[in-house]
Amino acid sequence: MNNFGTNYVSRQELKEVEKFADNLFAELGIDIAFTNHFFERLNVPRNGKPITDDELKEMFKEIFIKVGSKLSKMDINTEAVINDLSSKLNIPFVLVYDSQNHEIDFVSKTIMRKDDFKTQTKKYKI
């Protein structure tokens, strides 16, 4: 059970975020995907302030503008983290090749709101 009340992001709302992000990244040949773990972590109280669908859309818009071209040049199977300095949101992701659809999938593995996110992988700060 979630303690966030009406700020809960539903699976349907997350699908709308994914569609929004897919439209942004289509010109780069990148498809955005969210794991079940991402959805599970999206609405947990440990994030402090609830994460909203509008906040996610804004974050993906910033990702596209600030680092989209860098992401499109990354090697397949590379892991990294998007670090949003203003919202403190962090999205660890991996790029994988989807041979069925002939595109690159940006697989968002999880999400958390944390000021000082520690990782050994590359961080893309937005």
Could you tell me whether the side chain of [Y] reaches within less than 4.5 Å of the side chain of [X], counting heavy atoms only?
| X | Y | result |
| --- | --- | --- |
| Pro50 | Tyr8 | no |
| Lys109 | Phe38 | no |
| Ile30 | Ile32 | yes |
| Ile104 | Ile76 | yes |

Legend entry - Flag for Asp75-Thr78: side-chain donor and acceptor within less than 3.5 Å: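 Thr78 vs Asp75: no donor-acceptor pair found between side chains.
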
Inset, instruction - For Ser86 and Asp84, test the side chains for any donor-to-acceptor distance below 3.5 angstrom and give the result as yes or no. - result: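 Yes, Asp84 and Ser86 have a side-chain donor paired with an acceptor closer than 3.5 Å.
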
Legend entry - From Leu89, Ile63, Leu85, residue fulfilling side chain to side chain contact (heavy atoms under 4.5 Å, CB included) relative to Ile126: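 Between Ile126 and the candidates, side chain to side chain contact (heavy atoms under 4.5 Å, CB included) is satisfied uniquely by Ile63.
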
Legend entry - Option from Leu42, Asp53, Asp54 for which side chain to side chain contact (heavy atoms under 4.5 Å, CB included) with Glu13 holds: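 With Glu13 as partner, Leu42, Asp53, Asp54 yield a single side chain to side chain contact (heavy atoms under 4.5 Å, CB included), made by Asp53.
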
Inset, instruction - Evaluate whether atom NZ of Lys15 has more than 12 neighbouring non-hydrogen atoms of other residues, nucleotides or ligands under 6.0 angstrom away. - result: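 At most 12 heavy atoms, drawn from other residues, nucleotides or ligands, come within 6.0 Å of this atom.
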
Inset, instruction - Following the transitive rule for hydrophobic clusters with a side-chain heavy-atom cut-off under 4.5 Å over Ile, Leu, Val, Met, Phe, Trp and Tyr, establish whether Val67 and Phe60 coincide in one cluster. - result: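 Result: yes, single cluster for both.
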
Inset, instruction - Treat each ILVMFWY residue as a node, draw an edge where side-chain heavy atoms are under 4.5 Å apart, and state whether Val94 and Met112 are in one component. - result: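 Each belongs to a different hydrophobic cluster.
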
Inset, instruction - Apply side-chain hydrogen bond (donor to acceptor under 3.5 Å, both in side chains) to Arg11 and list each qualifying residue two or more places apart in sequence or on a separate chain. - result: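 Partners of Arg11 under the side-chain hydrogen bond (donor to acceptor under 3.5 Å, both in side chains) test: Asn36.
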
Legend entry - Electrostatic pair Lys61-Glu58, nearest N-O below 4.0 angstrom: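 Between Glu58 and Lys61 there is a salt bridge, with a charged N closer than 4.0 Å to a carboxylate O.
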
Legend entry - Salt bridge Asp116-Lys114, side-chain N to carboxylate O under 4.0 Å: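 Between Lys114 and Asp116 there is no salt bridge, as every charged N stays at least 4.0 Å from the carboxylate O atoms.
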
Inset, instruction - May I ask you to check if Lys122 and Tyr124 form a cation-pi contact, with NZ or CZ under 6.0 angstrom from the six-membered ring centre and within 45° of the axis? - result: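 Yes, a cation-pi geometry.
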
Inset, instruction - For the pair Phe93 and Phe106, name the ring-plane relationship: parallel under 30°, tilted 30 to 60°, perpendicular over 60°. - result: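 The rings of Phe93 and Phe106 lie parallel, inter-plane angle below 30°.
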
Inset, instruction - Step through it carefully: locate the ring centre of Phe39, locate the ring centre of Phe34, and say whether they are under 6.0 Å apart. - result: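 Centroid separation for Phe39 and Phe34: 6.0 Å or greater.
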
